[in-house]
Amino acid sequence: MDRKAAYQLGLLQHPPLKSVVERVKRGAELASWGLNAFEAPDSGSSMALDDDTALREIPPKGVIGAACGPVMWATDNLASLEILVDQVSHTYPFKHHAASFMSLCRSAFECSAQTLWILAPEARGKRRSRAAGMSVNNLGAAKRYFDSEFTLAAAAGRAGSRVESDEVAGWITGLRELEPESANYSKMVKVSAAWIAASEPSHLSEEFGEKPVAELIEQQYTLCSSFTHGHTWPALIAAGEPSAMFAMMADSAAVAVYVTECAIALFEAQASKSGGTRTRHYPPRLQSTIEQWSTPYLT
């Protein structure tokens, strides 16, 4: 039996594996949006008005920069899931790299949650404050990198430069004048999960049904984080049964995709305006939620 036929047989023997394949394909459909998301918001849109301040001049360039970057990376994580799953059918023995798969899901959770956490407040000042706070975190990491470059250069007997580090430090000083608010990733996931549950995204009504959505999201984030941190309890639960591990992977991928779709929908609800020119790079299924969520941010 050739590899392709053997893999098709595996799909029949393990129905959850078919769900994995279907769900990563859904996630990969967001890749086009991720590649084009940093297109300017429509003039007069909520996001355009958010960035009518000095915040827009400081990297990562305002509310749009702070909110767009994380969910862009989330779509890349989801696209990588499809590549990872697709390559399995071309190799033998078939190995689905569950730990790597779940870690990519975790990254998608955290990145999308960051976008949701920044954009969810209806008060413009609150969105600006959170964008500034996450920008401080962003640039703080950059400064640590440049400081290490200087130290490593000195250790190697080379003349290091403080130019980049000093420039970043200046940006951070500017952001600290804007009353920045930040949060850790666990808090952002928890807050975003509760917000999604309360906001009832219409395009996910069938998928969520009567489920306790916030609990579902937090559960899957905990599971994926366990793989990232090297915990073994998920493998003990699976007990060596491939279908059990595939079921875990399918559930985590589904919820990671749903959270990322919500982050995109909220971003577009604020970046787009009726009659605007912003290109719709997202799948059409998100449109109902984008329209649903645009109302609170019209002023």
Side-chain angles (χ1 to χ4, degrees), residues 34 37-41 45-77 106-153 160-196 221 225 228-229 259-260 262-264 266-271 297:
F38 208 52
E39 178 182 327
S45 66
S46 174
M47 191 170 291
L49 296 174
D50 281 355
D51 280 341
D52 188 22
T53 66
L55 181 61
R56 187 69 175 87
E57 305 304 316
I58 304 174
K61 301 294 185 180
V63 174
I64 186 172
C68 187
V71 70
M72 285 173 65
W73 296 156
T75 64
D76 190 68
N77 289 319
R106 178 182 189 260
S107 184
F109 276 123
E110 290 189 340
C111 290
S112 297
Q114 186 173 165
T115 296
L116 287 160
W117 185 79
I118 292 170
L119 296 180
E122 294 182 18
R124 175 161 288 119
K126 190 75 167 176
R127 296 195 296 275
R128 288 171 173 165
S129 177
R130 289 185 175 185
M134 299 319 297
S135 296
V136 168
N137 291 357
N138 189 334
L139 293 173
K143 187 177 186 305
R144 290 191 294 275
Y145 174 84
F146 288 126
D147 288 344
S148 294
E149 285 282 279
F150 181 86
T151 302
L152 291 169
S161 171
R162 290 285 192 185
V163 173
E164 295 92 345
S165 180
D166 290 346
E167 184 176 31
V168 172
W171 292 334
I172 292 173
T173 298
L175 287 166
R176 291 198 187 282
E177 296 174 357
L178 303 175
E179 301 182 353
E181 177 186 355
S182 62
N184 61 40
Y185 288 103
S186 294
K187 179 179 178 179
M188 286 190 286
V189 170
K190 185 179 184 67
V191 170
S192 297
W195 185 87
I196 291 171
Y221 175 64
S225 296
T228 301
H229 296 307
V259 173
T260 303
C262 287
I264 292 172
L266 183 57
F267 187 96
E268 288 295 331
Q270 297 183 29
Y297 304 97

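None of the values given here were measured: they were computed from a predicted structure.
Considering only residues two or more places apart in sequence or on other chains, Arg162 meets the side-chain hydrogen bond (donor to acceptor under 3.5 Å, both in side chains) condition with Asp147. Applying the salt bridge (Lys or Arg N to Asp or Glu O under 4.0 Å) criterion to Lys61, with sequence neighbours excluded, gives no partner residue. Every residue two or more places apart in sequence or in another chain that forms a side-chain hydrogen bond (donor to acceptor under 3.5 Å, both in side chains) with Asn77 is listed here: Ser107. Not a single ring pair (Phe, Tyr, Trp, His ring centres under 6.0 Å) links Trp171 to another residue, sequence neighbours left out. Looking at residues two or more places apart in sequence or on another chain, you find no side-chain hydrogen bond (donor to acceptor under 3.5 Å, both in side chains) involving Arg128. Residues passing the side-chain hydrogen bond (donor to acceptor under 3.5 Å, both in side chains) test with Thr173: none are found, sequence neighbours excluded. For the ring pair (Phe, Tyr, Trp, His ring centres under 6.0 Å) test, residues two or more places apart in sequence or in another chain that qualify with Phe267 are Trp33. Remark: Pro70 pairs with Cys111, Gln114, Thr115 by the side-chain contact (heavy atoms from CB on, under 4.5 Å) rule, at least two apart or across chains. With sequence neighbours excluded, no residue satisfies side-chain contact (heavy atoms from CB on, under 4.5 Å) with Glu179. Residues passing the side-chain contact (heavy atoms from CB on, under 4.5 Å) test with Ser161 are Val163, Glu164, sequence neighbours excluded. Ala269 is linked by a side-chain contact (heavy atoms from CB on, under 4.5 Å) to Ile290, Trp293, Ser294, counting only residues two or more places apart in sequence or in another chain.
To the nearest 0.5 Å, the span separating CG on Leu55 from CZ on Arg127 amounts to 12.0 Å.
At least one donor-acceptor pair under 3.5 Å links the side chain of Asp51 to the backbone N or O of Ile64. Side-chain atoms of Arg56 do not come within 3.5 Å of backbone N or O of Gly62 as any donor-acceptor pair. Remark: side-chain polar atoms of Ser192 are not paired, donor with acceptor, to backbone N or O of Val189 under 3.5 angstrom. Under a 3.5 Å cut-off, the side chain of Ser135 and the backbone N or O of Ala131 do form a donor-acceptor pair.
Pairs engaging residues 180-189 under the salt bridge (Lys or Arg N to Asp or Glu O under 4.0 Å) rule: Lys126-Glu181, Arg130-Glu181 [sequence neighbours left out].
Under the 4.5 Å side-chain criterion, counting only non-hydrogen atoms from C-beta, Glu167 is not in contact with Phe146.
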